[in-house]
Amino acid sequence: MIRNNFDVKPALVFWELTQACDLVCKHCRASAKKYCDPQELSKHEGERLIDEIALWDGPMLIFTGGDPLKNQHFWYWLDYARVKGVKVSVTPSPTPLVTEEAVSRMKSLGVNRLGLSLDGAYPKTHDLFRGVSGSFDRLLDIVGYAQQVDLSLQINTTLTRHNIDELENMAIRVKRFKAKMWSLFFLVPVGRGEGIDLFTPQEHEEIFDRLYWIKEKYQLPIKTTEAPHFRRYMMQKKRGEFVRGRGTGDGKGIVFVSRLGEIYPSGFLPLKTGNVKTDSLRDVYSNAPLFCSLRDPDHFKGKCGCCEFRKLCGGSRARAYAATGDPLESDPHCLYVSAS
Ligand code: SF4
Ligand code: SF4
């Protein structure tokens, strides 16, 4: 069997540098705390992780958290990755740590993209979501710093009932920010996101309708996280025309390394599959049975397993796991039922 590229190499490696963060967002996947965990990767362990990613030659390494800037080795590892030829994106928390000087330094150290969160079109909605007033204004400042040094921006938005009515106005903001990508995250109930009222399958379709319209109207590059059935929706809408995107999903083009070095298929699928302190990340990604099964949609269960869109979409494996305890089960938040 010829293995496709995602069988041997991910497109994105997320590395949670720390649990520390000065914000207290309601939906926080990382259940961020005020302080770093003493068990977080050491400077040398971080170097070894970057060395291994360099051997893959290609994936984007995303420094995430918590707030990656709260890790004392952040700047050292950023420079180390640059020297090793590893492309890096950074998703800082929008706090006073992200100064004009810090953004300029990131640019000079070769940061490929800055990921910033926008969770409301207006200060009131955004700040309520992030738990600290003034966060929205801080975000606008950071966007300005990035624009000054021509650092590429990705805007990340977590969609919930509290901001969904502002979808179009958030799109207008993203357009004004000149972001290279707008990534819309559909909640999986993990971390502080547990207990938040999720959209129903029908509501997902209605949001996809609006997203499709917004994408066309504003010519925005949009991708979804943990809602791969938007690709199915797009394919149906375009009547089978080629839909851009490489069909990534949990463990398929994506791998997540926790602050303790634990390896997961994504930050939303809490099935630990080794630790970079003792295991080879490349070996786990390519050969661990869990990762292999997540890349094999023909063996998914229920309606996802017999859906004609299973290779393009495949459903959110993290949401299937959160709902049923089985990552190979059907995504319960997809309305579509295949005729085949
Ligand atoms: S900024 Fe990010 S890491 Fe910090 S609390 Fe909010 S979601 Fe969690
Ligand atoms: S049934 Fe599963 S594979 Fe098919 S479109 Fe829905 S989520 Fe995707």
Worksheet, complete the sentence: Hits for salt bridge (charged side-chain N to carboxylate O under 4.0 Å, His left out) against Lys84, two or more places apart or cross-chain, chain-then-number order -> Asp51

Practice prompt. Any ring-ring contact (aromatic ring centres under 6.0 Å, His included) involving residues 81-132? Give me the pairs, sequence neighbours left out, ordered by first then second residue.
Written response: His27-Phe129, His126-Phe136, Phe129-His162

Worksheet item: Same cluster for Leu41 and Tyr35 if Ile/Leu/Val/Met/Phe/Trp/Tyr side chains link at under 4.5 Å?
Response: no

Worksheet item: Side chains of Leu159 and Phe185: closer than 4.5 Å at any heavy-atom pair?
Response: no

Worksheet item: How long is the gap from CD1 on Ile155 to NZ on Lys178, to the nearest 0.5 Å?
Response: 12.5 Å

Side-chain donor/acceptor pairs under 3.5 Å, residues 208-216, sequence neighbours excluded:
from, atom 1, to, atom 2, distance (Å)
Asp209, OD1, Tyr233, OH, 2.4
Arg210, NH2, Ile164, O, 3.0

Could you pull out every donor-acceptor pair under 3.5 Å between side chains of residues 260-270 and any protein atom, sequence neighbours left out?
from, atom 1, to, atom 2, distance (Å)
Glu262, OE1, Ser258, OG, 2.9
Glu262, OE1, Tyr264, OH, 3.1
Ser266, OG, Asp250, OD1, 2.8
Ser266, OG, Phe268, N, 3.0
Ser266, OG, Leu269, N, 3.3

Practice prompt. List for me each residue that meets side chain to side chain donor-acceptor pair (under 3.5 Å) alongside Arg130, sequence neighbours excluded, and say none if there are none.
Written response: Asp119

Worksheet entry | Heavy-atom side-chain proximity of Leu61 to Ile50 below 4.5 angstrom | yes

Response to the item:
Sorted by chain and number, sequence neighbours left out, side chain to side chain donor-acceptor pair (under 3.5 Å) with Ser89 holds for none

Discussion item. Within the structure provided, determine whether Pro228 and Ser316 are in side-chain contact (heavy-atom separation under 4.5 Å).
Written reply: yes

Indicate every side-chain donor-acceptor pair of residues 106-117 with a distance under 3.5 Å to a residue at least two apart or in another chain.
from, atom 1, to, atom 2, distance (Å)
Lys107, NZ, Asp150, O, 2.9
Ser108, OG, Arg105, O, 2.8
Arg113, NE, Ser152, OG, 3.1

Worksheet item: According to the ring-ring contact (aromatic ring centres under 6.0 Å, His included) rule, which pairs have a member within residues 307-326, sequence neighbours left out?
Response: Phe309-Tyr336

Worksheet item: Centre of Phe300's six-membered ring, under 6.0 Å away, within 45 degrees of the axis: is that where NZ or CZ of Arg317 sits?
Response: yes

Practice prompt. Please identify each residue that fulfils salt bridge (charged side-chain N to carboxylate O under 4.0 Å, His left out) with Glu168, with sequence neighbours left out.
Written response: Lys217

Practice prompt. Applying salt bridge (charged side-chain N to carboxylate O under 4.0 Å, His left out), name anything that partners Lys303, two or more places apart in sequence or on another chain.
Written response: none

Worksheet item: Can you list the residues that meet the salt bridge (charged side-chain N to carboxylate O under 4.0 Å, His left out) rule with Arg259, with sequence neighbours excluded?
Response: Glu16

Worksheet entry | Centroid-centroid distance, His333 to Phe199, less than 6.0 Å | no

Discussion item. One thing to verify: whether Asp79 and Arg82 come together as a salt bridge, which I'm taking to mean a side-chain N less than 4.0 angstrom from a carboxylate O.
Written reply: yes

Worksheet item: Looking at Trp77, Tyr76, Tyr80, which hits side chain to side chain donor-acceptor pair (under 3.5 Å) with Glu47?
Response: Tyr76

Worksheet entry | By side chain to side chain donor-acceptor pair (under 3.5 Å) - contacts of Ser280 (at least two apart) | Glu52

Worksheet entry | Within 6.0 angstrom of Lys277 NZ, more than 12 heavy atoms from elsewhere | yes

